[in-house]
Peer 1: 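Could you have a look at this structure, given as structure tokens, before my questions?
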Protein chains: 2
Amino acid sequence: MDTREKILSAAVRAFAEKGFNGVSVDEIAKRAGVKKALIYYYFPSKDELFREVWEKSLDELENHLFSEIEGEGSYMKKIKGFLKAYIDFVTNRKVISEVINKERASVMSEDKWSNLKERYEGFLGRIAQLIDEGKRYNAVYDDIDPLAAANLISGSFGHSEKPGVLEKMISLIMRGILKK
Amino acid sequence: MDTREKILSAAVRAFAEKGFNGVSVDEIAKRAGVKKALIYYYFPSKDELFREVWEKSLDELENHLFSEIEGEGSYMKKIKGFLKAYIDFVTNRKVISEVINKERASVMSEDKWSNLKERYEGFLGRIAQLIDEGKRYNAVYDDIDPLAAANLISGSFGHSEKPGVLEKMISLIMRGILKK
DNA sequence: TAAGATTTACCAACCGGTAAGTAAAACACG
DNA sequence: CGTGTTTTACTTACCGGTTGGTAAATCTTA
């Protein structure tokens, strides 16, 4: 792992724990075992560092969720596989899940993150599209609002503490949207 | 409105917009039209000020949700009324909704807010209890996990931007938990 | 004039960011 | 190959501004 990656890795852990404003550049530097000025050698600002952390995190999540359901199968199976992959990600990639969850409200409301907001809305849109296709293939109740379902799914992020609860939240969502 | 209340009112607005670490005590003072030192006359620290803001916000939310459904009526009606009150609160008390949503992840994970975490878990517990009673009175599917449902409902907080989406999220939850 | 309310002035620590320098690796070329 | 030159990776030391917090002085009003 080269230096740039070490900094990114320390940054995502720090941001996940304490949030963007709760962490100083110097603390990230210490976690990465480098001097603060070196961070400014690789990244133009704290904002840009966070931007890259957030984008990489969302890339990983989106890739994990959509790559596994690319194969054949009914839309019922696709959506179930998607939700299963979702549980798997929240369980096994906790740091990335936490950074997305912790900073989501700020990213979605503060002007300076407007491009990250668009990125996240694109992610929601892809989930909504999956649900919508499920409707056309008779797997999803046809009075379901796809974007509402997408928001509900992605909102389950935060509550991954007590084991088992997330699974039950997802199965509740499944009953709400999937036929039979 | 006395000075203390003016400070609290400015604080909840500031915390809702920028989060705990994104706002300085001096900015809260300026919004309240007082000098910073006066905040320390009424509150021992920024942490304690936030603590009171959070507790008051949760008190208002909990009171709004549970006071309206105290009357008679079936549990089906109670739970529907509860979810309707929820939509009403998120729509009409945006500042309070936002402060709860924006700082929830930090409150639930950082040690220094452990008492606020317990407070929030008590709130979730009350929702779960309502769902559980709904099960015993045949209004809720009996394989529903009450705490999972409570988490799902309270997680819908963040996504109140586009009007109408929240309502559709809630009706999706209703289909997931309520019989018929 | 006593007690509570508010302001002024201040502090040490920390913040994001920068300038200047250094050692070593990579490169250019006779 | 050897040697001068440029580039890369990284450190030290610093800057102006902001932070949460405090002590003491001043104002207000009963």
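Order of the sequence lines sets the chain letters (A, B, ...), proteins ahead of strands, with each chain counted from 1. Values in this document were obtained by computation on a predicted structure and should not be read as measured data.
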Peer 1: Does any part of the side chain of B:L130, heavy atoms only, come nearer than 4.5 Å to the side chain of B:Y75, both counted from C-beta?
Peer 2: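 Result yes, sub-4.5 Å side-chain heavy-atom pair found.
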Peer 1: Can you check the A:F50 CZ to C:dG16 P distance for me, whole Å?
Peer 2: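 Checked: the CZ to P distance equals 14 Å.
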Peer 1: Between A:W113 and A:F20, does the ring centroid distance fall short of 6.0 Å?
Peer 2: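 So the answer is yes for these two rings.
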Peer 1: Can you tell if the side chain of A:E110 reaches within under 4.5 Å of the side chain of A:K117, non-hydrogen atoms only?
Peer 2: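 No. Closest side-chain heavy atoms not under 4.5 Å.
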Peer 1: Enumerate the residues from residues 11-30 of chain B whose closest heavy atom to DNA chain D is under 4.0 Å, giving them by residue number; use none for an empty result.
Peer 2: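 Hits under 4.0 Å, by residue number: B:V23, B:S24, B:V25.
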Peer 1: Does any non-hydrogen side-chain atom of A:K80 lie less than 4.5 Å from one of A:K77?
Peer 2: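 The answer is no, as the side chains (C-beta and beyond) never meet within the 4.5 Å cut-off.
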Peer 1: Let me know the distance between CG of B:L38 and P of C:dT6, rounded to the nearest Å.
Peer 2: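 Checked: the CG to P distance equals 5 Å.
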Peer 1: Would you call B:K56-B:E52 a salt bridge at under 4.0 Å N-O?
Peer 2: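 Result for this pair is yes, salt bridge flagged.
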Peer 1: What class does the angle between the rings of A:H64 and A:F89 fall in, given that below 30° is parallel, 30 to 60° is tilted and above 60° is perpendicular?
Peer 2: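 Taking A:F89 first and then A:H64, their aromatic rings sit tilted (interplane angle of 30° to 60°).
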Peer 1: Taking only N/O atoms, report every protein-nucleotides 9-12 of chain C pair under 3.5 Å with atom names and distance.
Peer 2:
none

Peer 1: Using modelled atom types only, decide if a donor and an acceptor are shared between the side chain of B:S106 and the backbone of B:E103 within a distance under 3.5 Å.
Peer 2: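 Side chain of B:S106 to backbone of B:E103, a donor-acceptor pair under 3.5 Å: no, none is there.
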Peer 1: Does the cation-pi check pass for A:K102 over A:F15, that is, NZ or CZ under 6.0 Å from the six-membered ring centre and within 45° of its axis?
Peer 2: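 No, A:K102 does not sit over the ring of A:F15.
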Peer 1: Any chance CD of A:E68 has more than 12 other-residue heavy atoms, nucleotides or ligands included, within less than 6.0 Å?
Peer 2: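 For A:E68, atom CD is not crowded (no more than 12 foreign heavy atoms under 6.0 Å).
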Peer 1: Over how many whole Å does the gap from A:D2 atom CG to C:dA25 atom P extend?
Peer 2: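 From A:D2 CG to C:dA25 P: 17 Å.
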Peer 1: Verify the contact: side-chain N or O of B:T3 to OP1 or OP2 of C:dA5, cut-off strictly under 4.0 Å; return yes or no.
Peer 2: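 So the side-chain polar atoms of B:T3 never come under 4.0 Å of the phosphate oxygens OP1 or OP2 of C:dA5.
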Peer 1: Tell me whether A:R126 is salt-bridged to A:E62, with the criterion being a basic N under 4.0 Å from an acidic carboxylate O.
Peer 2: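 Here A:R126 pairs with A:E62 in a salt bridge, since their nearest N and O are under 4.0 Å apart.
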Peer 1: For residues 39-48 of chain A, which residues have at least one heavy atom under 4.0 Å from DNA chain D?
Peer 2: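 Correct list: A:Y41, A:Y42.
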